[in-house]
Structures are given as structure tokens and as C-alpha cells.
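Okay, structure first, notes after.
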Amino acid sequence: MSEDTAAKKELAAIKGTRDILPGEVEKWQALEALARTTFELYGFRELRAPVFEATELFEKGSGATSDIVTKEMYTFTDKGGRSLTLRPEYTPSVVRAIVEHRLDLEGAPMRYYYMGPMFRYDKPQKGRYRQFHQVDIEVFGEKDAAVDAEIIEMAHALLGKLGVAGTETLVNSVGCRACRPAYSAALRQAAAARRADLCPDCQRKAETNPLRIFDCKVEACRTIAAAFPSIQDFLCQECRDHFRRLLACLDALGIPCRIDPRLVRGLDYYTKTTFEIVSSHLGAQNALLGGGRYDDMMKDFGGPDICGTGFAMGIERVLSMAEIAVPKRKTVYLAHLGEEARMAGLELARWLRSNGVECLVEYKDRGMKAHFGRANKLQADWVLIVGENEMKSGRFALKDMATGRQVDGPREELLALLRTN
RNA sequence: GUGAGUGUAGCUCAACGGUUAGAGCAUCGGACUGUGGAUCCGAAGGUUGGGGGUUCGAUUCCCCUCACUCACCCCA
């Protein structure tokens with residue numbers, strides 16, 4: 001008894017994870033297929049990296065002060081004493097793969113996409129899971145802001161195909177190594193001046209990463225932060241040109257967006273462009289997709305000085321808003337009557353399947369009524385009857401469940417009928 | 001990590017502190033051994049998340065714990 005409840009508890013999916021069952025999984029498959037075909041239209045290729053990496057990769061890549069690294073990583077020691085981490089994001093893995101395989105020397109466009117699970121030890125809530133799934137794309141070696149615009153447009157194209165409506169696109173520039181320090185200093189100064197009036201969390205941020213004060217939802221902090229200097233006033237010439245060009249390209253592509261000077265992304269490595277596509281219908285976790293440019297990351301890894309830009313899309317979040325019409329599949333229910341017919345049905349089903357017809361056989365003994373009841377239950381489109389009469393004559397009965405029309409004939413004839421309907 | 005809300009059958013939900021915790025849907029069987037969706041009959045399914053307490057008596061009230069949900073934080 002108590003063993004049962006204990007067993008039940010132990011067998012439950014881990015907090016923050018969930019099963020994707022038949023009925024729902026078709027939408028995932030549809031999304032994945034649409035993402036693939038869309039990205040490949042833009043010249044992207046799939047790059048699959050392992051789900052776990054050396055912990056160090058993320059510590060270096062995602063920024064040692066980020067929340068992701070400091071408190072959200074699934075880190076463990078393997079039997080060889082190595083510290084490994086289930087990836088909390090994908091970008092560092094791609095960068096590692098490029099450096100490791102010297103993909104930059106191949107001459108092929110460095111445009112990669114990937115979809116798969118990510119892991120963060122967060123407290124679960126609406127739109128936030130510990131194992132969640134992202135579609136991730138990255139472009140390397142393109143300095144031009146036009147590519148930032150191109151991928152934002154690509155994101156729009158995909159969301160459009162997925163039937164996601166009512167989104168807003170936010171863009172910003174967070175500057176570069178040349179201009180951000182001055183801005184950070186100004187911000188830090190402004191924050192220090194009002195330190196006493198900030199919430200404890202922001203007092204901490206004022207020292208570690210003052211940009212993030214803009215993220216705070218405390219009303220007092222927001223009003224104080226509103227008076228802080230804006231990054232836009234501190235951008236160096238290069239960053240300002242880049243941002244201007246981004247806006248021009250987005251305009252040329254017909255992508256409406258809003259400049260949000262307070263848009264800062266959670267990862268430390270971003271430079272210049274950052275963007276986010278949000279929806280108000282998602283609850284507190286309103287970002288469907290977020291990304292930006294990271295021009296220094298590869299170099300920081302000891303690789304070549306190659307810039308990068310990309311985004312990650314949350315599959316769970318997008319799916320909660322997507323309107324995907326999953327095409328109904330046509331299936332044949334094979335009804336057999338008697339032991340011999342069951343054997344013959346088995347072979348007939350094999351033959352149909354080898355000819356590309358989806359076909360279900362259940363081996364339970366049923367009367368005709370029960371077979372039809374079952375076929376209805378399963379929403380089969382056809383019932384194929386195999387009984388004594390059929391075996392003798394070699395002609396099988398095939399009934400269209402929607403119209404009630406029934407025909408009989410040799411199996412080749414029925415196959416032709418199944419294929420044309 | 002912090003806060004709030006919710007835990008009753010596979011699902012959606014009932015049951016004033018008081019008989020053996022019920023219903024709809026779903027499942028299985030029968031009416032129904034060569035032709036479906038309907039209908040009718042029946043069965044199975046629960047330590048009321050778990051533990052403790054108050055009480056003659058707890059699904060109901062109190063405490064603890066766990067899980068889920070939402071929010072903070074953070075982010076996809």
C-alpha cells in the first residue's frame with residue numbers, strides 16, 4: 001500500500017520536466033519541421049552538439065556573474081572526476097565546436113541551427129521549466145547589421161508560419177567594449193547616487209551589472225532608473241552606425257519594432273544588437289525569443305576573432321501560442337474474423353504497409369460490431385474486412401467509414417483506391 | 001531561494017464536522033457471432049497527496065511535509 005504511493009511518487013516526472021504525449025507531440029513535430037525548412041531557406045545547416053559539456057565552457061561563455069551560471073546550472077561530477085554541466089544554453093557549445101573543428105576555415109557559410117533540450121535549475125512556473133526546449137540559430141563571421149535584421153526577419157517568418165500573432169519586437173544596442181565601459185561607469189555613478197533608495201537586489205546589481213537595474217520591477221527602482229542615462233547616448237560611432245543600419249534594414253524588410261533602451265539580455269556576452277520578441281499573452285515569462293550579437297565571444301575562447309549573432313526561441317512558449325493545424329492521418333483498421341483470418345490479416349497488413357498505407361491490426365477476438373465500434377473509437381478512415389468469405393475468394397471488403405460506402409475487390413485494387421483517397 | 005493559491009476515481013468536479021465518499025465523461029463487460037457512431041443494463045476504479053493533532057466522529061478544522069499552479073527573482 002504505502003509501497004504503491006512511494007512507487008507512484010518515485011515514478012513521477014522530475015519537477016520542472018514533463019512528458020510530451022501523443023496528441024501533443026504532433027505539434028512539436030510540425031514546429032520542428034517548419035523551423036527546419038524555414039532556416040534552410042536562409043542557408044542554415046543543422047549542427048548537433050552534446051547535451052553536456054565541461055562546466056568551464058559555460059562559466060566562460062555565459063559570464064561568471066550571470067544567474068544562469070551562479071545558481072541555475074545542473075552540474076555534476078562524472079566517474080572520472082570531471083565537472084560536467086547539462087547545457088543551460090546552446091551558444092557556447094556551437095562556439096566550442098567551431099573552434100574545435102576549425103569550421104571557420106572551411107569556407108562554407110557559418111550559419112547553424114539546432115533544436116533540443118536545455119536545463120536550468122529555476123523554480124518552475126508558467127512558461128518556465130527545468131528541462132525546456134529551444135530552437136537556436138547562430139551566424140558567424142558577418143559584421144554587417146544587415147544579418148541581425150535578416151535573422152529577426154527569419155524569426156518573424158517562422159512565427160508567421162506557426163500562426164503566432166500579437167507579438168512585439170524589441171531592439172536595442174548594448175554597445176561594445178569601446179563604449180560600454182563609459183556607459184557602465186555613468187550608470188554605476190547614477191546608481192551609487194541613489195543607492196539608498198534602491199531595493200537590496202538592485203544595490204547588488206549596481207556593483208555587478210548595473211545594466212540589469214533596468215530589469216527591476218520594483219516601482220521605486222523603475223522611477224529612479226528612468227532618470228538614469230540611456231545607453232543610446234553613449235554608443236561609440238561604430239555602434240551607433242551599426243544600430244542605425246539595423247533599424248534601416250528592419251524597415252526595408254518591413255519588420256515593425258520598438259526601440260527599448262532598457263532591453264538588456266541576461267547573458268554577459270552580448271555586444272551591439274540585442275532583441276527580443278515578446279507576447280502579452282504568455283504570463284510573466286513573456287519572451288518567445290531572444291538574442292543578439294556577441295562579437296567577442298569566439299576570441300575570448302581562444303579562437304579566431306570571429307563575430308557572431310543569433311537567437312534562441314522557447315519551444316514551449318511558442319507552442320502555447322501557435323496555431324498549428326496538424327494534418328489528419330488516414331488509417332485503415334483491419335477487422336479479422338476467426339483464427340485463420342487473423343493470420344491472413346497479419347500478412348495483408350504487412351503488404352499494405354510496405355506499400356505505404358498506415359494500417360492497424362488488433363489481435364483481440366471481436367465480432368463485426370465490436371470491430372466497427374473499435375474502428376470508430378480509433379477514428380479509422382477505413383475498415384478492411386478479412387473473414388472466411390474473403391479468404392476463399394481473394395476479394396476483400398473495404399469500407400469508407402465517413403461515407404459508409406463499401407467496395408470489394410482484390411488487394412491491388414483496394415490499394416489503388418486507398419492511394420487515391 | 002521568497003510569497004500566495006490548490007490537492008477527492010484516468011479526466012472534470014460534488015459531498016453542513018455525522019450512515020458504506022458520489023456524479024458526468026472515459027475504461028471494461030453484456031444486450032449484439034459478418035457491418036459503425038445511438039440507446040439500455042452492469043462492472044471495475046479511492047488509505048480524499050502523505051504524516052501528526054483537535055474531536056465521540058475529520059474529505060471538511062489546526063500544524064508539519066510533499067506535489068502542482070501562479071507570482072517574485074531570472075529567462076526561452
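Letters A, B, ... are given to chains in the order of the sequence lines, protein chains preceding strands, and every chain is numbered from 1. No hydrogens, no waters, no symmetry mates; every other heavy atom, side chains included, goes into these values.
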Item to check | Distance in angstrom units between A:Tyr333 OH and B:rU35 C1', rounded | outcome: 12 Å
Next on the checklist: Given B:rA71, B:rA76, B:rU35, identify the nucleotide with an atom nearest to the side chain of A:Ala312.
Outcome noted: B:rA76
Checklist entry - Between atom CD of A:Glu142 and atom CE of A:Met110, what is the distance when rounded to the nearest 0.5 Å? => result 9.0 Å
Checklist outcome for this item: Between NZ of A:Lys71 and C1' of B:rG1 the distance, given in whole Å, is 7 Å
Item to check | Side chain to side chain, A:Val357 and A:Trp382, heavy atoms closer than 4.5 Å | outcome: no
Checklist entry - Can you give the dot-bracket line for RNA chain B, where a pair is Watson-Crick or G-U wobble with both atom distances under 3.5 Å, crossing pairs use [ ], and | marks a partner on another strand? => result (((((((..((((....[...)))).(((((.......))))).....(((((..]....))))))))))))....
Checklist entry - Can you check the A:Arg128 CZ to B:rA76 C1' distance for me, whole Å? => result 11 Å
Item to check | Side-chain N,O (A:Lys123) to OP1/OP2 (B:rA67) below 4.0 Å | outcome: no
Next on the checklist: Taking only the P atom of each, what is the distance from B:rA44 to B:rG37 in whole angstrom?
Outcome noted: 26 Å
Checklist entry - Per the salt bridge (charged side-chain N to carboxylate O under 4.0 Å, His left out) rule, which among A:Lys143, A:Arg180, A:Lys272 passes with A:Asp295? => result A:Lys272
Checklist entry - Rounding to a whole Å, what distance do you find between A:Lys364:NZ and B:rG29:C1'? => result 9 Å
Checklist entry - Going from CZ on A:Arg317 to CD1 on A:Ile277, what distance comes out if it is rounded to the nearest 0.5 angstrom? => result 13.5 Å
Next on the checklist: Within residues 370-380 of chain A, which residues have any heavy atom lying less than 4.0 Å from an atom of RNA chain B?
Outcome noted: A:Phe372, A:Asn376, A:Lys377
Checklist entry - Got A:Leu263 and A:Val171 here, is their nearest side-chain heavy-atom distance under 4.5 Å? => result no
Next on the checklist: Is the distance between the ring centroids of A:Tyr113 and A:Phe44 under 6.0 Å?
Outcome noted: no
Next on the checklist: Parallel, tilted or perpendicular: which one describes the rings of A:Tyr294 and A:Tyr269, with boundaries at 30° and 60°?
Outcome noted: perpendicular
Item to check | Min side-chain heavy-atom separation A:Phe228-A:Leu187 under 4.5 Å | outcome: yes
Item to check | Pair A:His242, A:Ser173: side-chain N/O donor-acceptor within cut-off below 3.5 Å | outcome: no
Next on the checklist: If you apply the rule side chain to side chain donor-acceptor pair (under 3.5 Å), what do you find for A:Tyr90 with A:Glu138, and how did you get there?
Outcome noted: CA-CA 10 Å; A:Tyr90 196 62; A:Glu138 318 280 348; over 6 Å; no
Checklist entry - Rounded to the Å, how far apart are A:Glu276 CD and B:rC75 C1'? => result 8 Å
Checklist entry - What does A:Ile315 touch in the nucleic acid at a heavy-atom separation under 4.0 angstrom: a base, only the sugar-phosphate, or nothing? => result nothing
Item to check | Close side-chain approach of A:Leu47 and A:Leu103, heavy atoms under 4.5 Å | outcome: yes
Next on the checklist: Go nucleotide by nucleotide along RNA chain B from the 5' end; which of A:Gly387 and A:Glu89 gets its closest nucleotide reached first?
Outcome noted: A:Gly387
Checklist entry - What's the CG-C1' distance between A:Leu337 and B:rU35, to the nearest Å? => result 10 Å
Checklist entry - Given that A:His133 and A:Glu388 both sit by RNA chain B, which one's nearest nucleotide is further toward the 5' end? => result A:Glu388
Checklist entry - On a whole-Å scale, what distance lies between the P atoms belonging to B:rC68 and B:rC75? => result 23 Å
Checklist entry - Going by heavy atoms closer than 4.0 Å, what residues in residues 18-35 of chain A are next to RNA chain B? => result none
Next on the checklist: Testing the 3.5 Å rule here: is there a donor-acceptor pair between the side chains of A:Thr167 and A:Ser279?
Outcome noted: no
Item to check | Candidates B:rG36, B:rC75, B:rG29 - which lies nearest the side chain of A:Met401 | outcome: B:rG36
Item to check | A:Gln125 side chain near B:rC72 phosphate (N/O to OP1/OP2, under 4.0 Å) | outcome: yes
Next on the checklist: Give me the distance, rounded to whole Å, that separates B:rG22 from B:rG46 when you measure between the P atoms they each carry.
Outcome noted: 14 Å
Checklist entry - Could you give the CD-to-C1' distance, from A:Glu72 to B:rG1, as a whole number of Å? => result 11 Å
Next on the checklist: Side chain of A:Glu390, heavy atoms from C-beta onward: which of B:rC73, B:rC68, B:rG34 has the nearest atom to it?
Outcome noted: B:rG34
Checklist entry - With a distance cut-off below 6.0 Å to the six-membered ring centre and an angular limit of 45° from the axis, does A:Arg130 pair with A:Tyr121 as a cation-pi contact? => result yes
